[in-house]
Structure formats: structure tokens, C-alpha cells
Amino acid sequence: MVALGHDVKMGSRTAKNAKAAEWTKANGPRASAGTFADAAKFGEVVFNCTAGSVSLEALKQAGGKNLGGKVLVDVANPLDFSKGMPPTLTVCNTDSLAEQIQRAFPDAKVVKALNTMGNEVMLNPGLVPGEHDTFVCGNDPQAKAQVVEIIRAIGWKNPIDLGDITAARGLEMMLPIFVRLVGTLHTRIFNFKIAT
Ligand SMILES: NC(=O)c1ccc[n+]([C@@H]2O[C@H](COP(=O)([O-])OP(=O)(O)OC[C@H]3O[C@@H](n4cnc5c(N)ncnc54)[C@H](OP(=O)(O)O)[C@@H]3O)[C@@H](O)[C@H]2O)c1
């Protein structure tokens with residue numbers, strides 16, 4: 001996002017997180033760091049990139065007031081690694097993390113996006129040759145359009161709009177197959193392609 005010309009504040013549980021400080025140093029004056037609340041207050045658009053099993057807690061720390069009225073892009077996956085590999089999902093089938101977040105923060109405009117590929121491909125889709133896909137879903141059409149614009153700026157040509165936030169159930173349930181593919185293909189540089 002910094003590379004696209006945006007000012008970005010990375011949030012953490014503590015204001016002096018070492019990894020955030022390293023990232024700030026490496027990314028120049030547009031990059032800054034603070035607590036989750038600092039980051040949520042700062043952003044016009046807020047990305048939830050926290051571990052999915054604790055995202056609700058992290059967002060509570062970010063503060064409902066700081067998230068109110070904002071586009072909240074939920075990139076997180078509700079993976080539970082507590083029993084080792086492969087991880088299970090903390091929520092699925094009839095609910096999703098994105099829906100839990102939308103219910104917990106009704107004034108935020110939650111858009112699920114970019115959760116179905118590794119971060120290398122997420123930020124550089126050209127790493128995988130040919131056409132391949134990414135998805136969005138959410139209840140607020142304008143918020144979704146704003147997120148699609150951001151995703152296109154990253155290099156994703158035609159993000160597929162799956163409708164309202166309940167589509168996040170399927171997007172999050174793609175993770176077990178993603179994790180399995182990493183093991184089978186011995187790489188994270190791949191993606192899903194929808195052929196019609
Ligand atoms: N990495 C990928 O390739 C990728 C791709 C797609 C989607 N995702 C999703 O993006 C999210 C972030 O993934 P990641 O690989 O960057 O790292 P991660 O280890 O899953 O998450 C790290 C983040 O979670 C926060 N966190 C950890 N424990 C917490 C707790 N008890 N309470 C509050 N916050 C806590 C950390 O805060 P601190 O900074 O304070 O430690 C940090 O912001 C995940 O949900 C993941 O599934 C990741």
C-alpha cells in the first residue's frame with residue numbers, strides 16, 4: 001500500500017512492536033506504526049491482517065468507535081493451529097469470521113478480500129503466470145467498490161464479487177485446500193483460477 005502512494009500505519013498490541021518498527025524503517029516516511037487503536041483511528045480504510053483466531057480481540061483493541069463508518073477489509077483467516085498441522089477453522093459452514101466481525105462492529109463496512117492466496121501473490125499477482133482469481137464480498141456496495149479499486153491498483157484485473165458478507169464462509173473454507181496445496185506443490189506461489 002505504501003508502494004501505491006498511501007500513508008499506512010501498522011497496528012500492533014503494543015506501540016513499540018519490533019517488527020512494526022523494522023517495517024516502518026524499511027518503508028520510508030509514508031509508513032508509521034502504533035497500537036491497533038492508533039492504526040484504526042488513522043486509516044480511512046482499515047485492513048484486518050491479524051491472526052483470525054484472535055481478530056475479534058484485536059479489533060476490540062482497535063475500538064468500535066475508531067472503526068465506525070469505515071471500510072474494514074478483512075484479510076484474516078480463522079485458522080486454529082492449536083492442535084498442530086493442518087489447522088482447523090474456528091468457525092465455518094453456517095458462519096464466518098467476517099460475519100462475526102460485521103456483527104461485532106455493525107457500524108464498520110466489512111469487506112472480505114485477499115484471504116485466499118499467500119501474501120507474496122496477494123501483493124504481486126504477476127508472480128503466478130496467466131489469469132487467476134481473487135474475490136470480494138460484503139454488504140455495502142460502495143465499500144466493496146472502493147476495495148475493488150484498491151485490489152485493481154495492486155494488479156488484480158477482475159476481482160470476482162460474490163455478493164454479501166455470508167460469501168465469506170466459502171472464502172474462508174478455501175483455506176484448508178490452500179494449506180494442503182502448499183504441502184503438495186511445495187510452494188506458496190500459486191493461485192485459484194475460475195474457468196467458465
Ligand atoms: N501470511 C499470509 O500469506 C496470509 C495470506 C492471506 C491471509 N492471511 C491472513 O492474514 C492474517 C495475518 O497473517 P500473518 O501471516 O501476517 O500473521 P499472523 O501471525 O497470523 O498474525 C499476526 C497478527 O496477529 C496479531 N495477534 C496475534 N496474537 C494476538 C492476540 N492474542 N491478540 C491480538 N492480536 C494478536 C499480531 O499482533 P502483534 O503485532 O501485536 O503481534 C499481528 O498483528 C491471518 O489471519 C492470516 O490468515 C495471511
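Each ligand, and each atom within it, is numbered from 1 in the order the structure gives.
- Thr35 and Asp38 are linked by a side-chain donor-acceptor pair at a separation below 3.5 angstrom, with hydrogens and angles left out of the test.
- Side-chain atoms of Glu172 come within 3.5 Å of backbone atoms of Ala98 as a donor-acceptor pair (strictly under, hydrogens ignored).
- With hydrogens and angles disregarded, a donor-acceptor distance shorter than 3.5 Å links the side chain of Asp133 to the backbone of Ile194.
- Checked by atom type, the side-chain pair Gln61/Glu57 shows a donor-acceptor distance below 3.5 Å.
- Protein heavy atoms are found less than 4.0 angstrom from atom 32 (N) of ligand 1.
- The shortest N or O to N or O distance between Arg188 and ligand 1 is under 3.5 Å.
- Separation of atoms OG1 (Thr24) and CD (Glu22) is listed at 10.0 Å; rounding is to 0.5 Å.
- Of all the atoms in ligand 1, the ones that sit under 4.0 Å from a non-hydrogen atom of Val75 are 7 (C), 8 (N), 9 (C), 10 (O).
- Of the listed residues (Ala51, Ala58, Ala76), the one carrying the non-hydrogen atom nearest atom 18 (P) of ligand 1 is Ala51.
- Protein non-hydrogen atoms do reach within 4.0 Å of atom 45 (O) of ligand 1.
- The minimum heavy-atom distance linking Asp74 with Val110 is given by the pair CB-CG1, 4.2 Å.
- Within the 4.0 Å heavy-atom cutoff, Met117 counts among the residues contacting ligand 1.
- Any N or O atom pair closer than 3.5 Å counts here, and Asn77 shares at least one such pair with ligand 1.
- Numbered from 1 in the order shown, with element, the atoms of ligand 1 that lie under 4.0 Å from a heavy atom of Ser12 read 39 (O), 40 (O).
- For ligand 1, the atoms sitting less than 4.0 Å from at least one non-hydrogen atom of Gly118 are 3 (O), numbered in the order shown with element in parentheses.
- Side chain of Arg169 to backbone of Cys92: no donor-acceptor contact under 3.5 angstrom is found.
- Looking only at distances, no side-chain donor or acceptor of Trp156 sits under 3.5 Å from a matching main-chain atom of Ile150.
- Nearest protein neighbour of atom 39 (O) of ligand 1, counting heavy atoms only, is Asn17 ND2, 3.2 Å.
- Among all non-hydrogen protein atoms, the one lying nearest atom 40 (O) of ligand 1 is Arg13 N, 2.8 Å.
- Looking only at heavy atoms of the protein, atom 48 (C) of ligand 1 is closest to Met122 CE, 4.9 Å.
- Residue Glu120 places every heavy atom at 4.0 Å or more from ligand 1.
- Between the Asp164 side chain and the Thr166 main chain, a donor and an acceptor come within less than 3.5 Å of each other.
- By the definition of a contact as any protein heavy atom under 4.0 Å away, atom 37 (O) of ligand 1 is in contact.
- The protein non-hydrogen atom at the shortest distance from atom 11 (C) of ligand 1 is Thr50 O, 3.3 Å.
- Checking only distances, Gly11 never comes within under 3.5 Å of ligand 1, N or O to N or O.
- Side-chain N or O atoms of Lys70 include none that pairs as donor or acceptor with a backbone N or O of Asp107 at under 3.5 Å.
- Among protein heavy atoms, the minimum distance from atom 17 (O) of ligand 1 is reached at Cys49 O, 4.9 Å.
- Remark: the backbone N or O of Ala76 is not paired with any side-chain donor or acceptor of Asn48 at under 3.5 angstrom.
- Of the protein's heavy atoms, none falls inside 4.0 Å of atom 42 (C) of ligand 1.
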